[in-house]
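What follows is one structure encoded as structure tokens, with my remarks underneath.
These values consider heavy atoms only, across backbone and side chains, with no hydrogens, waters or symmetry-generated copies. For the single chain, residues carry numbers from 1 onward in sequence order.
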Amino acid sequence: EVQLVESGGGLVQAGGSLRLSCTASGFTFDDYAIGWFRQAPGKEREGVACISTGDGSTYYEDSVEGRFTISTDDAKKTVYLQMNSLKPEDTAVYYCAADTGLPALLLKLIPSWLFGSWGQGTQVTVSS
């Protein structure tokens, strides 16, 4: 059974940084796509960043490009989301999700409907 556990959320001032972690279990880490998503109150869930563990390809949503970095530690089966220069509009519950066999052409869009396994989420709050 695929399990994903997020951690690292919290309260930070605008301009600050946080690093989220997503620890995976129940599946082999290679050849998976793992994405970070977020959902703010009253808004739809949106893709933030995604990484393909097979070839290391990364994809970012436009508003976080240059501020957020997704990376993996294969030995720890953990995916990180380093978030710098945080803004109040980054406030949301952040989720990680994973799936396998996903086409790169669709991964670029980081669509939530493409991913089958989800973590429970971690709250990120950025104060102004």
Side-chain angles (χ1 to χ4, degrees):
E1 179 187 2
V2 173
Q3 288 192 324
L4 302 166
V5 179
E6 302 99 332
S7 61
L11 173 64
V12 64
Q13 287 189 331
S17 299
L18 281 175
R19 189 179 77 161
L20 305 183
S21 300
C22 172
T23 301
S25 62
F27 62 99
T28 54
F29 207 55
D30 56 323
D31 201 26
Y32 261 74
I34 299 179
W36 281 100
F37 299 81
R38 65 187 180 187
Q39 188 165 20
K43 294 189 177 181
E44 292 188 357
R45 189 170 298 187
E46 66 172 349
V48 173
C50 177
I51 187 166
S52 175
T53 61
D55 62 8
S57 297
T58 57
Y59 310 95
Y60 295 94
E61 192 268 331
D62 287 346
S63 70
V64 308
E65 182 89 52
R67 299 189 298 125
F68 291 9
T69 303
I70 189 170
S71 63
T72 65
D73 182 330
D74 291 354
K76 295 182 179 179
K77 296 184 73 173
T78 298
V79 178
Y80 301 102
L81 185 68
Q82 178 66 45
M83 305 186 295
N84 299 329
S85 302
L86 282 162
K87 305 175 181 179
E89 51 263 44
D90 294 317
T91 295
V93 177
Y94 283 70
Y95 301 87
C96 69
D99 217 314
T100 188
L102 305 182
L105 201 61
L106 290 179
L107 283 180
K108 294 178 180 179
L109 305 175
I110 323 176
S112 60
W113 56 264
L114 199 59
F115 291 78
S117 298
W118 291 80
Q120 82 289 350
T122 186
Q123 176 70 46
V124 171
T125 303
V126 184
S127 63
S128 57

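Between the CG atom in Leu4 and the NZ atom in Lys77 there is a gap of 10.0 Å [rounded to 0.5 Å]. Between atom CD of residue Glu1 and atom CZ of residue Phe27 there is a gap of 11.5 Å, rounded to the nearest 0.5 Å. To the nearest 0.5 angstrom, Lys87 atom NZ is 7.5 Å from Ser63 atom OG. Distance OG1/Thr72 to OH/Tyr80: 9.0 Å, rounded to 0.5 Å. With values rounded to the nearest 0.5 angstrom, Ile110 atom CD1 is found 11.5 Å from Ile51 atom CD1. Atoms OG1 and OH, on Thr69 and Tyr60 in that order, are 4.5 Å from each other to the nearest 0.5 Å.
Using a 4.5 Å heavy-atom threshold, the side chains of Met83 and Trp36 count as separate. Taking 4.5 Å as the limit, every side-chain heavy atom of Tyr95 sits out of range of all side-chain heavy atoms of Val48. Using a 4.5 Å cut-off on side-chain heavy atoms (C-beta onward), Phe68 and Leu86 make contact. Proximity of Ile70 to Tyr59: side-chain heavy atoms (C-beta onward) are nowhere separated by under 4.5 Å.
Placement of Trp118 and Leu20 in two distinct hydrophobic clusters is found when ILVMFWY residues are connected by side-chain heavy-atom separations under 4.5 Å, directly or transitively. Val79 and Val2 fall within the same hydrophobic cluster, where Ile, Leu, Val, Met, Phe, Trp and Tyr residues are linked whenever their side-chain heavy atoms come under 4.5 Å apart, directly or through other members.
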Determine, step by step, whether Arg38 and Val124 satisfy the side chain to side chain contact (heavy atoms under 4.5 Å, CB included) criterion, reporting the C-alpha distance in whole Å, the side-chain angles of both residues, the deciding distance to 0.1 Å, and the verdict. CA-CA 9 Å; Arg38 65 187 180 187; Val124 171; over 6 Å; no
Leu102/Tyr32 under side chain to side chain contact (heavy atoms under 4.5 Å, CB included): CA gap, chis, key distance, verdict: CA-CA 8 Å; Leu102 305 182; Tyr32 261 74; over 6 Å; no
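Between Trp113 and Leu106, the closest heavy-atom pair is CH2-CD1, 4.1 Å. Nearest approach of Ser17 to Gln82, heavy atoms of both residues: CB-NE2, 3.9 Å. Nearest heavy atoms, Ala98 versus Ile34: CB-CG1, 4.0 Å. Pairing each heavy atom of Pro88 with each of Ser128, the nearest pair is CG-CB, 3.9 Å. Across Leu107 and Cys50, no two heavy atoms sit closer than the pair CD2-SG, 3.7 Å. Scanning all heavy atoms of the two residues, the minimum distance from Gln120 to Val5 falls at OE1-CA, 3.8 Å.
Taking Phe115 as the reference, Phe37 meet the ring pair (Phe, Tyr, Trp, His ring centres under 6.0 Å) condition, with sequence neighbours excluded.
Thr91 places a side-chain N or O within 3.5 Å of a backbone atom of Val126 that can act as its donor or acceptor partner. Side-chain atoms of Ser21 never come within 3.5 Å of backbone atoms of Ser7 as a donor-acceptor pair (strictly under, hydrogens ignored). Using a distance-only test at 3.5 Å, with no hydrogens or angles considered, no donor-acceptor pair links the side chain of Glu6 to the main chain of Cys22. Remark: the backbone N or O of Thr78 is not paired with any side-chain donor or acceptor of Asp73 at under 3.5 angstrom. Between the side chain of Thr100 and the backbone N or O of Asp31, at least one donor-acceptor pair lies under 3.5 Å.
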